Amino acid sequence: MISRMKSNVLVASYRSMIATLALLVLSEPTWATGDPARGATTFQACAACHSTTAGEHMTGPSLAKIWARKAGTVEGFQRYSEAMKKASLVWTDQTLDKWLAKPEALIPGTSMSFPGLRESKARQDVIAYLKAVSEAKAPATAQRGGGMMMSMQPSKVDLKKAPPEGQVTGIGYCGDTYTVRTADGKVEKVWEFNLRLKTDSGPLGPEPGKPVIVGGGMQGDRAFVVFAAPSEISAFIKPDCGDRK
């Protein structure tokens, strides 16, 4: 009788263990189920700040080779927050899922101004895409963006190959107005508040001494003049009020 009771207890115990294990398996996130092609499409929302080209850093670091890399260690990127640099985590399925869900919750104090992806499936798709990028197996995606006088984001253009209408030959200023002259002989007057002066020392930036103007703004009323280095800006812009007093 006692032997039978012990046997029943053991059977019940095993059943309980199996049920618990099954529950744990079912409750764990299903990794590696994302679709990299869908992820590439979802990632377009991230492309304004992140490139998937190795060494091409934008507002955020290049994400070309982050898989299984320690957070905050992409070579050549100098704008990591202190919180990110001190984070002791590696980018994996699990950590990326938490990061994409809510960056601030995973790394408090991060400078990443991204509210997160609520849908688990969308996160898994992006993770699958980033893994494919790291393995050089990323699916082809349609390139967005247009000519030189369109916004530089989300895809950057090679400013060294700017057409004449984008090649700046001179910039004058008078009062609240900048006068921008380009190689096609055109002259454009821009309100000072709508002109942004930038630098791009990367491989897609302009040649030294040859700044490029790029249009921008929701209404197309703003412009960016991109220089190869900060030292060029003050030397290039000259006072120019003509005969006005």
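Because only heavy atoms are used, hydrogens play no part in the values below, and waters and symmetry mates are left out as well, while side chains stay in. Note that the coordinates shown come from a computational prediction; the quantities given were computed from them, not determined experimentally.
Side-chain atoms of Val225 and Val212, non-hydrogen and from C-beta on, never get closer than 4.5 Å to each other. Counting heavy atoms from C-beta outward, Asp240 and Cys174 have side chains that stay 4.5 Å or more apart. Using a 4.5 Å heavy-atom threshold, the side chains of Leu89 and Gln94 count as separate.
With hydrogens and angles ignored, the 3.5 Å screen pairs a side-chain donor or acceptor of Lys238 with a backbone N or O of Ala235. No side-chain donor-acceptor contact under 3.5 Å links Asp125 to the backbone of Gly34. Remark: the backbone N or O of Ala64 is not paired with any side-chain donor or acceptor of Thr52 at under 3.5 angstrom. Remark: side-chain polar atoms of Gln167 are not paired, donor with acceptor, to backbone N or O of Ala183 under 3.5 angstrom. A side-chain donor-acceptor contact under 3.5 Å links His50 to the backbone of Pro61. Remark: side-chain polar atoms of Tyr80 are paired, donor with acceptor, to backbone N or O of Val74 under 3.5 angstrom. Using modelled atom types, one side-chain atom of Lys160 and one backbone atom of Pro203 make a donor-acceptor pair closer than 3.5 Å. In terms of modelled atom types and a separation under 3.5 Å, the side chain of Ser62 and the main chain of Thr53 share a donor-acceptor contact. In terms of modelled atom types and a separation under 3.5 Å, the side chain of Ser134 and the main chain of Leu130 share a donor-acceptor contact.
Ring geometry for Tyr173 against Tyr178 counts as tilted: the plane angle lies between 30° and 60°, on a 0 to 90° scale. The aromatic rings of Trp191 and Phe193 sit tilted, their planes meeting at an angle between 30° and 60°. Relative ring orientation between Phe43 and Tyr129 is described as tilted, the plane-to-plane angle lying within the 30° to 60° band.
We find the OG1-NZ distance between Thr169 and Lys186 to be 12.5 Å, quoted to the nearest 0.5 Å. Interatomic distance, Ser81 OG to Lys86 NZ, rounded to the nearest 0.5 Å: 10.0 Å. For the atom pair Leu159 CG and Ile213 CD1, the distance stands at 12.0 Å (nearest 0.5 Å). The OG1 atom of Thr95 lies 9.5 Å from the CG atom of Leu100; values are rounded to the nearest 0.5 Å.
Among all heavy-atom pairs drawn from Arg79 and Thr59, the shortest one is NE-O, 3.8 Å. The two atoms that bring Asp200 and Pro206 nearest to each other are O-CD, 3.7 Å, heavy atoms only. Contact between Val168 and Ile171 at its shortest, heavy atoms only, is CG1-CG1, 3.7 Å. Closest approach of Thr199 to Val226, counting heavy atoms only: C-CG1, 4.1 Å. For the pair Trp91 and Ile66, the tightest heavy-atom approach, listed with the atom from each and the gap, is CB-O, 3.5 Å.
Take Arg69 and apply the side-chain hydrogen bond (donor to acceptor under 3.5 Å, both in side chains) test, not counting sequence neighbours, and it matches Glu75.
Side-chain heavy atoms closer than 4.5 Å link hydrophobic residues (I, L, V, M, F, W, Y) into clusters, and following such links, even through other members, never connects Val90 to Phe77.
Residues Asp93 and Arg123 are not paired through a salt bridge, judged by the lack of any N-O separation under 4.0 Å between the basic side chain and the carboxylate.
Side chains of Lys189 and Thr179: a donor on one and an acceptor on the other come within 3.5 Å.
Applying the 6.0 Å contact sphere to NZ of Lys102 captures no more than 12 heavy atoms from other residues, nucleotides or ligands.
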Side chain to side chain contact (heavy atoms under 4.5 Å, CB included) for Val190 and Thr177? Distances and angles first, verdict last. CA-CA 6 Å; Val190 185; Thr177 302; over 6 Å; no

The test is side chain to side chain contact (heavy atoms under 4.5 Å, CB included); show your working for Met58 and Cys49 and say whether it passes. CA-CA 6 Å; Met58 300 167 70; Cys49 295; 5.8 Å; no

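Geometrically, Lys198 engages Phe224 in a cation-pi contact, judged by NZ or CZ lying under 6.0 Å from the ring centre and within 45° of the ring axis.
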Distance-only check: which donor-acceptor pairs under 3.5 Å involve side-chain atoms of residues 104-122, not counting sequence neighbours?
residue : atom : partner : partner atom : Å
Glu104  : OE2  : Gly109  : N            : 2.9
Thr110  : OG1  : Met112  : N            : 3.1
Lys121  : NZ   : Thr33   : O            : 3.2

